[in-house]
Amino acid sequence: MRRGCPLPSPPHSQGFAFPDWAYKPESSPGSRQIQLWHFILELLQKEEYQGVIAWQGDYGEFVIKDPDEVARLWGIRKCKPHMNYDKLSRALRYYYNKRILHKTKGKRFTYKFNFSKVVLVNYPLLDVAAATTGSPLLLTPGPFGGTPGPDAPPLSPEVS
DNA sequence: ATCGGAAAGG
DNA sequence: CCTTTCCGAT
C-alpha cells in the first residue's frame, strides 16, 4: 500500500488543473515527484493563496508574502514536516543555475520565472495566460520569438 | 535576508 | 537528477 501522504493533487478535473508542460513529460511514464517550481506555479495559479504568494511586478515575477506558509504547504506536499523557508529557498537557489528562476534583487522574497526559456523551449504552445487571468504569465511570442530576454547572462555549462 | 558548498537521501 | 538538511559567509 502506498504509504506517505494523501496527495490532494488534482490529476485532471474536466478543464485542466494545470497544463502538462509543468509536469515534465520527458522520460517518465508514470509520474515523477512534484518539483518545487511546479508547486509554486500551482499556488500562484490559485486565488486562495494570493495572501501567501502572488504575481507581482514584472512579467513572471512573484512575491512570497508568507514564507512560512509556503514552506509549510510545500512540506505537506512533500511529507517534510520540518520544511521551512530557509530550506525551501535553498532549493529555489538551485534553480538559478538551471535558468528556471532568478532572484529579483532588492525586493524581499521576490523571485522571477524565466518562462522565456523554460516554457517556450519545452512547449512552444502554451495557454497558461487563460488560467492566470490577469496574471503576467505566458505571452504570445513576437515575430522573432518575442522574448526580450534580458535574462541570460552567465551560466555554468550544466545541462541536464 | 540571501548566497552557495557539501553531504545525504529518494 | 532534485531536493533536504546544515551551515558559514556576505
Side-chain angles (χ1 to χ4, degrees), chain A residues 1-12 16-46 48-124 126 128 131-132 135-138 149-160:
Chain A
M1 289 25 183
R2 222 70 62 249
R3 258 295 69 210
C5 289
L7 291 175
S9 131
H12 307 287
F16 61 97
F18 212 72
D20 293 345
W21 63 271
Y23 295 120
K24 201 174 192 177
E26 281 299 293
S27 56
S28 263
S31 57
R32 160 170 292 194
Q33 259 212 139
I34 180 90
Q35 269 170 277
L36 180 54
W37 63 283
H38 298 170
F39 180 76
I40 296 293
L41 247 27
E42 207 173 293
L43 257 42
L44 285 167
Q45 184 204 177
K46 309 190 176 193
E48 56 259 57
Y49 293 111
Q50 294 232 331
V52 172
I53 185 173
W55 297 113
Q56 194 163 108
D58 230 330
Y59 168 77
E61 217 170 85
F62 64 94
V63 52
I64 297 172
K65 299 176 182 176
D66 189 339
D68 289 342
E69 181 61 4
V70 172
R72 195 183 67 80
L73 293 166
W74 174 234
I76 290 171
R77 195 72 177 67
K78 287 287 290 292
C79 298
K80 246 67 188 180
H82 299 304
M83 180 51 58
N84 58 38
Y85 181 69
D86 181 56
K87 288 183 274 192
L88 183 151
S89 62
R90 181 68 188 90
L92 248 32
R93 263 172 248 132
Y94 272 128
Y95 287 151
Y96 298 170
N97 302 340
K98 293 188 172 185
R99 316 285 291 293
I100 292 173
L101 283 181
H102 70 77
K103 187 80 180 64
T104 298
K105 294 177 183 176
K107 290 187 181 179
R108 189 188 236 189
F109 305 129
T110 302
Y111 299 80
K112 182 174 169 182
F113 273 100
N114 290 337
F115 287 120
S116 30
K117 170 112 191 184
V118 177
V119 173
L120 286 146
V121 164
N122 292 317
Y123 293 80
L126 233 300
V128 187
T132 59
S135 299
L137 238 174
L138 269 267
D151 9 70
L155 179 60
S156 353
E158 252 162 76
V159 166
S160 52

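Heavy atoms only: backbone and side chains are in, while hydrogens, waters and symmetry mates are out. First the proteins, then the strands, lettered A, B, ... as listed; each starts at 1.
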query = Start at the 5' end of DNA chain B and walk down; is the nucleotide closest to A:Phe109 or to A:Arg90 reached first?
reply = A:Phe109
Check every strand shown and say whether [X] touches a base, only sugar-phosphate, or nothing at a heavy-atom separation below 4.0 Å.
{"X": "A:Leu36", "value": "sugar-phosphate"}
{"X": "A:Lys105", "value": "nothing"}
{"X": "A:Tyr85", "value": "sugar-phosphate"}
{"X": "A:Phe39", "value": "nothing"}
{"X": "A:Lys80", "value": "sugar-phosphate"}

Look at [X] and [N] and indicate whether a side-chain polar atom (N or O) is within less than 4.0 Å of OP1 or OP2.
{"X": "A:Lys78", "N": "C:dT4", "value": "yes"}
{"X": "A:Lys87", "N": "C:dT4", "value": "no"}
{"X": "A:Gln35", "N": "C:dT3", "value": "yes"}

Measure [atom1]/[X] against [atom2]/[N] and give the value in whole Å, please.
{"X": "A:Leu88", "N": "B:dC3", "atom1": "CG", "atom2": "P", "value": "13 Å"}
{"X": "A:Leu101", "N": "C:dT3", "atom1": "CG", "atom2": "P", "value": "10 Å"}
{"X": "A:Tyr95", "N": "B:dT2", "atom1": "OH", "atom2": "C1'", "value": "18 Å"}
{"X": "A:Met83", "N": "C:dC2", "atom1": "CE", "atom2": "P", "value": "16 Å"}
{"X": "A:Asn84", "N": "B:dT2", "atom1": "CG", "atom2": "P", "value": "13 Å"}
{"X": "A:Asp68", "N": "B:dA1", "atom1": "CG", "atom2": "P", "value": "9 Å"}
{"X": "A:Lys103", "N": "B:dG4", "atom1": "NZ", "atom2": "P", "value": "12 Å"}
{"X": "A:Lys98", "N": "B:dG4", "atom1": "NZ", "atom2": "C1'", "value": "14 Å"}

note = Rounded to the nearest 0.5 Å, the CG atom of A:Asn84 sits from the OG atom of A:Ser89 at a distance of 8.0 Å
query = Which value, rounded to the nearest 0.5 Å, describes the distance between A:Lys112 atom NZ and A:Asp58 atom CG?
reply = 4.5 Å
Selection from [options] that lies nearest to any side-chain heavy atom of [X]:
{"X": "A:Asp86", "options": "B:dC3, C:dT4, B:dA1", "result": "B:dC3"}
{"X": "A:Trp37", "options": "C:dT3, C:dC6, B:dT2", "result": "C:dT3"}
{"X": "A:Tyr94", "options": "B:dA1, B:dA7, C:dC2", "result": "B:dA7"}

inquiry  = Over 60° means perpendicular and under 30° means parallel, so tell me whether A:Tyr111 and A:Tyr96 are parallel, tilted or perpendicular.
reply    = tilted
ask   = Applying the ring-ring contact (aromatic ring centres under 6.0 Å, His included) test to A:Trp74, which of A:Phe39, A:Tyr85, A:Tyr49 qualifies?
value = A:Phe39
ask   = Hey, does the side-chain of A:Arg93 have a donor or acceptor N/O within less than 3.5 Å of a partner on the base of B:dG5?
value = no
task = Look at the side chain of A:Tyr111 and the base of B:dA1, then say whether one donor and one acceptor between them are separated by less than 3.5 Å.
result = no
Heavy-atom closest pair, residues A:Asp86 and A:Arg93 = O-NH2, 4.1 Å
Minimum heavy-atom distance A:Ile40-A:Ile53, with the two atoms named = CG2-CD1, 3.8 Å
